[in-house]
Amino acid sequence: MRQRLAGLARRDLALARSDRRSYVPGIVAVLVFLATLALVLALTLAGAAGRFQAGLSGTLTVEIPVPAGGQAGEARLARALEVLRQTPGIAAADPLSREHIAGLLEPWLGKFAGLEDLPLPQLIDVRLAPGATVDLAALGARLETAAPGTNVDDHRRWLVSLQRLARLAVGLAVLIVVLVAAAAAAAVAFATRAGLSVHHDAVDLLHLIGAEDRYIARQFAHEALILAFKGGLAGLVAAVAILAAIAFAATRLDAVPLPAFGLTGGDIALVAALPLAAAAIATVTAWRTTMRALARMV
Amino acid sequence: MRQRLAGLARRDLALARSDRRSYVPGIVAVLVFLATLALVLALTLAGAAGRFQAGLSGTLTVEIPVPAGGQAGEARLARALEVLRQTPGIAAADPLSREHIAGLLEPWLGKFAGLEDLPLPQLIDVRLAPGATVDLAALGARLETAAPGTNVDDHRRWLVSLQRLARLAVGLAVLIVVLVAAAAAAAVAFATRAGLSVHHDAVDLLHLIGAEDRYIARQFAHEALILAFKGGLAGLVAAVAILAAIAFAATRLDAVPLPAFGLTGGDIALVAALPLAAAAIATVTAWRTTMRALARMV
Amino acid sequence: MVRFENVGLRYGLGPEVLRDISFELAAGSFHFLTGLSGAGKSSLLSLLYLSRRPSRGLITLLDRDLATIRRTELPALRRRIGVVFQDFRLLDHLSALDNVALPLRVAGAREDQVRAHVIELLTWVGLGDHLHAKPATLSGGQKQRVAIARAVITRPRLLLADEPTGNVDDKIAVRLLHLFEELNRMGTTVIIATHNTGLVARSHHPELRLEGGDLTRHARRGAA
Amino acid sequence: MVRFENVGLRYGLGPEVLRDISFELAAGSFHFLTGLSGAGKSSLLSLLYLSRRPSRGLITLLDRDLATIRRTELPALRRRIGVVFQDFRLLDHLSALDNVALPLRVAGAREDQVRAHVIELLTWVGLGDHLHAKPATLSGGQKQRVAIARAVITRPRLLLADEPTGNVDDKIAVRLLHLFEELNRMGTTVIIATHNTGLVARSHHPELRLEGGDLTRHARRGAA
Ligand SMILES: Nc1ncnc2c1ncn2[C@@H]1O[C@H](COP(=O)(O)OP(=O)(O)OP(=O)(O)O)[C@@H](O)[C@H]1O
Ligand SMILES: Nc1ncnc2c1ncn2[C@@H]1O[C@H](COP(=O)(O)OP(=O)(O)OP(=O)(O)O)[C@@H](O)[C@H]1O
Ligand SMILES: [Mg+2]
Ligand SMILES: [Mg+2]
């Protein structure tokens, strides 16, 4: 075993020395940095969307518009509430206060003096019993007769666009990670070929002495592994530092950094695996590049 | 002269070959790319701010607020207009229509049915005679007696923040360019030191043969010049391509790219000089680094 | 052991460096390869250590026809050949000890056996005090001896030495010749390319002489 | 021309390779430097071509005390010294012609003069057909001759040659010796480190022998 390890770490080729000027760690650091940011943001977004969706999916909102023909608002509200409370599967139906509604509108209307005098629609917050489903078409028809113009919103539009957003973010993150992996592989392949040409004489000597291609490729792969892992670790650390700074800034002073992004243990493991993935890609790429190039030598 | 040129281009050291794996062109490309974007955006912002300022500086806006005590709006407007038209130095004073004002407010209030019924302030657009100055304090006092609550806005707040924004943008651009220059110099110095160690034997031989430090440094400087210029050019081309795409997208199909950013000939020369500047920095850095390192050798 | 049949070699579009060379060496034989500078001695050796293929002709080596050999078989074949290169080809960043140990390690030898063996051989060639010296800190003759030690450490079946005494004094040259003869006695076929006429004259081994691309054989003192 | 006074040299913390060496060589003299492999011949030469400073003692060279010389004066001094390195030190990516032209170009010679001069010298050492060959495509002896041509192209005041005939046959060795003697006749001081006892024996030049770090002088055939 010790024997085997010594074999793996063998460095007949002065790769390490010549690779002090290697661009591999730098490039891998930047790539892992980007991949980490992309992945964390996508996972955060997906997580938030999931939680938001869970919160929305058991609720409905009923809107009773501003009276058109002078009909008393309060009466319409009472009738709608009655209909709702009689519908099986609905656990609760609470009208929102006028102040609450004005608060919701404020970002759009601004705080201006005339706001109190403006006629406002009325909103009812409806919670369904857990697991219950409600026939929205039938409910809508009954509400229409009770209070004409009433509008039932099951947040489907929101839910759909949330899901679309989350899927888009995850897709983008996956795309970025794939691109990053491809770029890392390309950089390592390029560096390996350059290394082979720089160390051509030594490689040639090893061949003449009876070394198999594997013996030589192992050294290039080992070097690539170390360089890429170092770079990847640096990139990960930088990304985590930036994210922690963002989380810290976002939650001021009373936050533990990562939970602010709402990552699960699995998410964190995924992100932490990025330098390992980079090292694995680099190792395999260097190995393959070397084996292919050596096969073309005598 | 030919002799001298041959001397400048001499390549006893196989720098070009070993520098196929140099990271200098790549880094310089990225840096010049960033510097170009920063510079163009800053110059555009500064130019736009300048033009906007020129457009604003000959105008005033007089605001007559929503009547408080029921005084007739039309009468107050007429009195204010009279005061303005009697003031020397004022070329024109035109009240804005109610529709115009509603249009200005719409982005904030949204299009809602009650808008027509809302009480709105009245605005007068005032243009000064070219070169004229108006005593704002005196004008304000006279307007106050004519129509109490009237407000004169000389856009100074706007002008000041525009100037501050333009100065900030230019400052940021300068900072970015300086950082970019420092990063380029650091990258070249690092690469040069690596090159010196890779070519140590050849450098040593040149010394023993009687080469002066200058003879050796010239080769490193020449190589750095070429690498940095190539990288810089690539970065500039990439940045211009991106900017052209933005300009194209911004003005749809009927635009000539660069004028859309409103750059002057001088601005364009400044931006086009970035690769030259990068090459100059690289050359000087490589020269100095080599001379300093050689002075430490026997 | 070694058989050339109408072998020719040219570099690129240049003239033939070797032309129409045919000879056969018996297993366990000992030959000098001589010829003027540029005659093609190193080129001929490079055919033997499988660094190059001939432009034409057939080479049989260790009972293998080199024309039909597959790439994957080369390492095993090369491990049975020891080479002293004219320019040494030591790896600069490895110590004398590691340079000499290289063929053993490449062949997967056990580390505990490698060390003792290498130290013994290096001591024998007079480098017991320079085990851990890098090539750059060795004298010319010391480098040459490291190169020789690397070539013989595996007791190869075929030993090819290119000017192995160019940088050492006559006393060491004779000692190294004894080393080669010792190996030869144990069954190794030896070919030594050299300009050292004194060395050739002092020994009784036959001489292969390269001249104008042709090879002629000269026996000496009644040896085969 | 060259004067050593109690010169000692050690590498790092090792033993003294040269110890307490004193001698003086007249301008225009011709000496062989001999000694066993590892005796310190190359080390002594490296002191003379200003690649190293002695651990102790005084060296005077071309009327300059090397202890007091400033860095900026080195190039001019080095241009008056020609060196044949034991391991040649040719630049791999330059042709034979460019390698030999290097000292002239470094000294700022005019390009039109350089070419004809270099071609003439390379032809003289038998490399007229290999002007544009890179070192990797030259034979051992050919590389050595390029190295020698580079050392003498500037007609230096002092010529230091380290084992300049280790890779060439006796005929070329004699020819090269004539080249050195020709230069010597024109005023160049020559020092040749060599193991080639034949070469030393055939000539009448005095011998400086290094042994155990000490230098002794041996005249031959009545010469100085
Ligand atoms: N890789 C190569 N490419 C082109 N020509 C070559 C190459 N190697 C050798 N030559 C040429 O082939 C000829 C024979 O070279 P080789 O090295 O075999 O000679 P040699 O007998 O070993 O000479 P020496 O005694 O000087 O070492 C020389 O003219 C040399 O220039
Ligand atoms: N750079 C160095 N660092 C440490 N030791 C060195 C260095 N160069 C030479 N030596 C040691 O100094 C001693 C003398 O070496 P030197 O090269 O001068 O011998 P030499 O007489 O030229 O031998 P050869 O005839 O084999 O070339 C040797 O033992 C060598 O190992
Ligand atoms: Mg040869
Ligand atoms: Mg020596």
Side-chain angles (χ1 to χ4, degrees), chain C residues 11-12 14-15 17 34-46 85-88 90 92 125-127 129-130 132-146 162-173 175-176 193-201 209-211, chain D residues 11-12 14-15 17 34-46 85-90 92 125-127 129-130 133-146 162-173 175-176 193-201 209-211:
Chain C
Y11 291 105
V17 173
T34 61
L36 296 180
S37 174
K41 300 182 292 300
S42 302
S43 303
L44 195 152
L45 292 184
S46 74
F85 299 95
Q86 192 170 8
D87 52 0
F88 315 152
L90 303 177
D92 284 339
V125 298
L127 294 176
D129 294 341
H130 297 84
H132 301 290
K134 299 274 165 77
T137 70
L138 291 174
S139 82
Q142 290 165 344
K143 277 186 261 199
Q144 190 154 45
R145 283 176 273 161
V146 173
D162 199 349
E163 203 71 64
T165 58
N167 284 276
V168 294
D169 48 87
D170 290 353
K171 218 176 92 193
I172 296 184
R175 193 179 166 88
L176 292 172
T194 186
H195 296 116
N196 193 330
T197 47
L199 204 69
V200 179
R209 199 177 294 159
L210 264 177
E211 223 161 343
Chain D
Y11 292 104
V17 173
T34 62
L36 296 180
S37 175
K41 301 181 293 299
S42 302
S43 303
L44 194 152
L45 292 184
S46 73
F85 299 96
Q86 192 170 9
D87 51 359
F88 316 150
R89 300 212 201 167
L90 303 178
D92 284 339
V125 298
L127 293 176
D129 294 340
H130 296 84
K134 299 275 165 75
T137 72
L138 291 174
S139 82
Q142 290 166 344
K143 276 186 263 200
Q144 189 154 48
R145 283 176 275 162
V146 173
D162 199 349
E163 203 68 64
T165 58
N167 283 276
V168 294
D169 47 86
D170 289 353
K171 221 177 88 191
I172 296 183
R175 193 177 165 89
L176 292 172
T194 186
H195 296 115
N196 195 329
T197 46
L199 204 69
V200 178
R209 198 176 293 157
L210 264 177
E211 221 159 344

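Numbered from 1 within each chain, the chains take letters A, B, ... in sequence-line order.
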Considering all heavy atoms, the nearest C:Pro164-C:Leu176 contact: O-CD1, 4.1 Å
D:Arg175: partners by side-chain contact (heavy atoms from CB on, under 4.5 Å), with sequence neighbours left out: D:Trp124
C:Glu163 portion near chain D, given a 4.5 angstrom heavy-atom threshold: side chain
Partner chain D: residue of C:Ser42, C:Ser37, C:Ser43 with the largest heavy-atom pair count (under 4.5 Å): C:Ser37
Partner set under side-chain contact (heavy atoms from CB on, under 4.5 Å) for C:Ala39, not counting sequence neighbours: C:Leu210
Winner by heavy-atom pair count (cut-off under 4.5 Å) against chain D, out of C:Gly35, C:Gly126, C:Gly40, C:Gly166: C:Gly166
Note, D:Asn167 side chain near D:Phe88 side chain (heavy atom, < 4.5 Å): yes
Heavy-atom side-chain proximity of C:Thr165 to C:Val168 below 4.5 angstrom: yes
D:Lys143 portion near chain C, given a 4.5 angstrom heavy-atom threshold: side chain
Residue part contacting chain C, namely of D:Ile172, when any heavy atom lies under 4.5 Å: side chain
